[in-house]
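What follows is a set of notes on a single structure, which appears directly below.
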Amino acid sequence: MPGRQPDAARIPMTDVDLSPSVILKLLTQGTVVSQGLLPWSSNYTFLVQVCGADREVLAVYKPQRGERPLWDFAGGTLCLRERAAFLVSEGLSWGLVPPTVLREGPHGLGSLQWFVPHEAEAHYFTLEGQFPDQVQRIALFDVICNNADRKAGHVLLGEDDRLWAIDQGICFHAEYKLRTVIWEFAGEPVPAPLMADIEAFRARLADPAGPLPAALAALLSPREVAAISTRLQGLLRAGTFPRPGPGRHYPWPLV
């Protein structure tokens, strides 16, 4: 699956002021034109232009057949997990994950995620001590999703000092696999408003008539969906940010 490297000078640092719903519609219905491979990715990842009738956005396209096999995650499921992470972020009403859809692209089925205009040199370590409320949400989101790969570079500083969480392909395993660089809140109480968000999300996930259970069931295995509920119950019962678990609890590389 060869491709050219995109010209960094052509990647805009600002974007049209579009609402998330408009971006989602464009990602779902627009024409996808590849701009080239993105460097430093472990799987085939493309920068693409998604064009509609009167507007366009840049997006990150991760085709299913470009995924490298992993011993502990089923083959061809990473793009499904990217979409599932977006659904969880939206279900929590936290807006952490850029708009993400699952659709056919130039190299087949894959995840298509809005390319967030961001500060290229900023990441979790450079932002240490800043935006604690947003970082707390990302830390809890990673617990809920069982993120096995929260590197510092997977936290982006977007416009208006908004943090975004990207690269959620290695999430949702039924077994404990949390590996993250964000442990600064370990053992601290979870703020009451975030606990309320988690409880509301747990109720949405438990509602058989709601859209969320069916949407996640189409992307994850039954055991993986059930494990989300188990992790939610654990957070609600403990009321604190978890401490590092057994085994390796940091990703590698860290950035």
Can you tell if the side chain of [X] reaches within under 4.5 Å of the side chain of [Y], non-hydrogen atoms only?
X    : Y    : result
L194 : R137 : yes
V57  : L27  : yes
L178 : V143 : yes
R55  : V22  : yes

Which pair of non-hydrogen atoms, one from [X] and one from [Y], has the smallest distance, and what is that distance?
X    : Y    : answer
A165 : P98  : O-CD, 3.4 Å
S34  : V48  : CA-CG1, 3.8 Å
R204 : G91  : NH1-O, 2.6 Å
A59  : L112 : CB-CD1, 3.8 Å
V50  : G30  : CG1-CA, 3.8 Å
C145 : C171 : O-CB, 3.4 Å

Quick check on the hydrophobic clustering: are [X] and [Y] connected, directly or via other members, by side-chain heavy-atom contacts under 4.5 Å?
X    : Y    : result
L87  : I198 : yes
I170 : I166 : no
W183 : F125 : yes
L24  : Y61  : yes

Original post:
Quick one: which of V225, N147, V88 gives a side chain to side chain contact (heavy atoms under 4.5 Å, CB included) with F172?
Top reply: V88
**OP:** Go through V135 and E184 one step at a time and tell me if the side-chain contact (heavy atoms from CB on, under 4.5 Å) criterion holds.
**Re:** CA-CA 9 Å; V135 175; E184 61 191 270; 4.0 Å; yes
[Y] backbone acceptor or donor facing [X] side chain under 3.5 Å:
X    : Y    : result
E159 : P117 : no
N146 : A174 : no
S89  : V97  : yes
Q136 : F241 : no
N43  : R68  : yes
R83  : L219 : no
R231 : I144 : yes
E82  : S111 : no
R65  : H107 : yes

**OP:** Start with the C-alpha distance between Y124 and L163, add both sets of side-chain angles, then the distance that settles side-chain contact (heavy atoms from CB on, under 4.5 Å), and finish with yes or no.
**Re:** CA-CA 9 Å; Y124 169 73; L163 299 187; over 6 Å; no
[X] [atom1] to [Y] [atom2] distance, which is reported to the nearest 0.5 Å:
X    : Y    : atom1 : atom2 : value
E199 : L236 : CD    : CG    : 5.5 Å
Y176 : T230 : OH    : OG1   : 14.5 Å
R81  : L220 : CZ    : CG    : 6.0 Å
T240 : M195 : OG1   : CE    : 8.5 Å
D142 : L140 : CG    : CG    : 9.0 Å
L80  : L102 : CG    : CG    : 5.5 Å

**OP:** Could you go through the side-chain contact (heavy atoms from CB on, under 4.5 Å) check for L70 and L78 one step at a time?
**Re:** CA-CA 10 Å; L70 297 171; L78 303 193; 4.2 Å; yes
Which side-chain N or O atoms in residues 243-255 pair as donor and acceptor under 3.5 Å with protein atoms at least two apart or in another chain?
residue, atom, partner, partner atom, Å
R248, NH1, Y250, O, 2.9
H249, ND1, G247, O, 3.4

**OP:** Please work out whether the ring planes of F115 and H118 are parallel, tilted or perpendicular, with thresholds of 30° and 60°.
**Re:** tilted
Subject >> Partner set under side chain to side chain donor-acceptor pair (under 3.5 Å) for D197, not counting sequence neighbours >> reply: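 In terms of side chain to side chain donor-acceptor pair (under 3.5 Å), with neighbours along the sequence ignored, D197 is linked to W94.
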Original post:
Going through the distances and angles, do V155 and F131 end up as a side-chain contact (heavy atoms from CB on, under 4.5 Å)?
Top reply: CA-CA 12 Å; V155 177; F131 317 115; over 6 Å; no
Original post:
Is the shortest side-chain N to carboxylate O distance from D72 to K177 below 4.0 Å?
Top reply: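 Here D72 pairs with K177 in a salt bridge, since their nearest N and O are under 4.0 Å apart.
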Original post:
Pick one: which of R150, H154, Q113 meets side chain to side chain donor-acceptor pair (under 3.5 Å) with Q168?
Top reply: R150
